[in-house]
Amino acid sequence: MADDALFGFLHMEIVAHVYKEQATREDIDKERVTCVSTLELMGFRVGQGLIERFTKDCPTFKDDLDIMKFLCKDLWSTIFKKQIDNLRTNHQGTYVLQDNKFALLTQFSSGKQYIEEAPKYLAFSCGLIRGALSNLGLESVVTAELSLMPSCKFQVVVQKL
C-alpha cells in the first residue's frame, strides 16, 4: 500500500516539476516541446521498459485483442493494483479502456471542479500505454478523455502499417 502512495506522490511531483520548468524557460526557448509531450515521452519510455520485463517469459500474442487484454489485466494490475474496468473495441483497430477509479486521479476531489487541471496527470499514462504497445509491435495513438473524476477513458487507435 505504501508503494502506491509513493508512486502517486512521485507522479504528482514529476508533473509539477515539468510544468514549473516550462514556466521558467518559456521566454528563453519558444520552440521547446510542451509539458504534455514531455510527460508523454517519459511514460512512453517507462511503458517500453515495463512491457519488456513483463513479457519476457510470456508466449507470443496471436492478435491485437490479445495484446490489449494483456495490457488491461496483467500490466494494469501490476502498475495500478487493479484491472481496467471496461475494454471495448470496434474490431477495426480502435480500443477504449475505461478505468472508473483511476489511481492517479483519486487524490483529486470527485466531481467536475478539477477537470481542467486533470489532463496533465493523464499524459504519463497515455505514454505508458503507447510505449507498451510499441514494444509489442503495435504503433498507436493514445488519448485520454475525462468526464467525471476519478473516472477516465483511454482511447487507443492502432496504426495499420
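Below, all heavy atoms of this structure are taken into account, side chains as well, without hydrogens, waters or symmetry copies.
Taken together through direct or relayed side-chain contacts under 4.5 Å among Ile, Leu, Val, Met, Phe, Trp and Tyr, L104 and M12 form part of one hydrophobic cluster. When hydrophobic clusters are built by joining Ile, Leu, Val, Met, Phe, Trp and Tyr residues whose side-chain heavy atoms come closer than 4.5 Å, directly or via intermediates, F154 is not grouped with V96. In terms of hydrophobic clustering, with Ile, Leu, Val, Met, Phe, Trp and Tyr side chains grouped at heavy-atom distances under 4.5 Å, V46 and I67 are assigned to a common cluster. V15 and F44 fall into different hydrophobic clusters, where Ile, Leu, Val, Met, Phe, Trp and Tyr residues are linked whenever their side-chain heavy atoms come under 4.5 Å apart, directly or through other members. When the side chains of ILVMFWY residues are joined at heavy-atom separations under 4.5 Å, either directly or via intervening members, L65 and L133 end up in a single hydrophobic cluster.
Side chain of D85 to main chain of N100: a donor-acceptor pair is present (N/O by atom type, distance under 3.5 Å, no hydrogens or angles).
You'll find the side chain of V36 reaches within 4.5 Å of the side chain of Y19, heavy atoms only. Looking at R130 and L41, their side chains come closer than 4.5 Å, going by heavy atoms from C-beta outward. In this structure, the side chains of L39 and I14 come closer than 4.5 Å at one or more pairs of heavy atoms. With a 4.5 Å cut-off on side-chain heavy atoms, T89 and D64 do not count as touching.
The shortest heavy-atom contact between S151 and Q98 is OG-NE2, 3.9 Å. Nearest heavy atoms, C152 versus L122: SG-CD2, 4.2 Å.
We find the SG-CG distance between C58 and L136 to be 9.5 Å, quoted to the nearest 0.5 Å. Here R45 contributes atom CZ and S134 contributes atom OG; the two are 10.5 Å apart, rounded to the nearest 0.5 Å. The structure places CG of L97 at 11.5 Å from NZ of K153, a figure rounded to the nearest 0.5 Å. The CG atom of L146 lies 13.0 Å from the OH atom of Y121; values are rounded to the nearest 0.5 Å. To the nearest 0.5 Å, the span separating OG1 on T38 from CZ on F124 amounts to 13.0 Å. The OG1 atom of T94 lies 14.0 Å from the CZ atom of R88; values are rounded to the nearest 0.5 Å.
When the ring-ring contact (aromatic ring centres under 6.0 Å, His included) test is applied to F54, no partner is found at least two apart in sequence or on another chain.
By the 6.0 Å contact criterion, NZ on K101 is open, its count of non-hydrogen atoms from other residues, nucleotides or ligands being 12 or less.
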Original post:
Are N135 and T55 close enough, and set up right, to give a side chain to side chain contact (heavy atoms under 4.5 Å, CB included), and what steps lead you there?
Top reply: CA-CA 10 Å; N135 239 20; T55 59; over 6 Å; no
For residues 68-79, please give each side-chain donor-acceptor pair under 3.5 Å, one per line with the distance, not counting sequence neighbours.
from : atom 1 : to  : atom 2 : distance (Å)
W76  : NE1    : D99 : OD2    : 3.0
S77  : OG     : K73 : O      : 2.4
T78  : OG1    : D74 : O      : 2.9

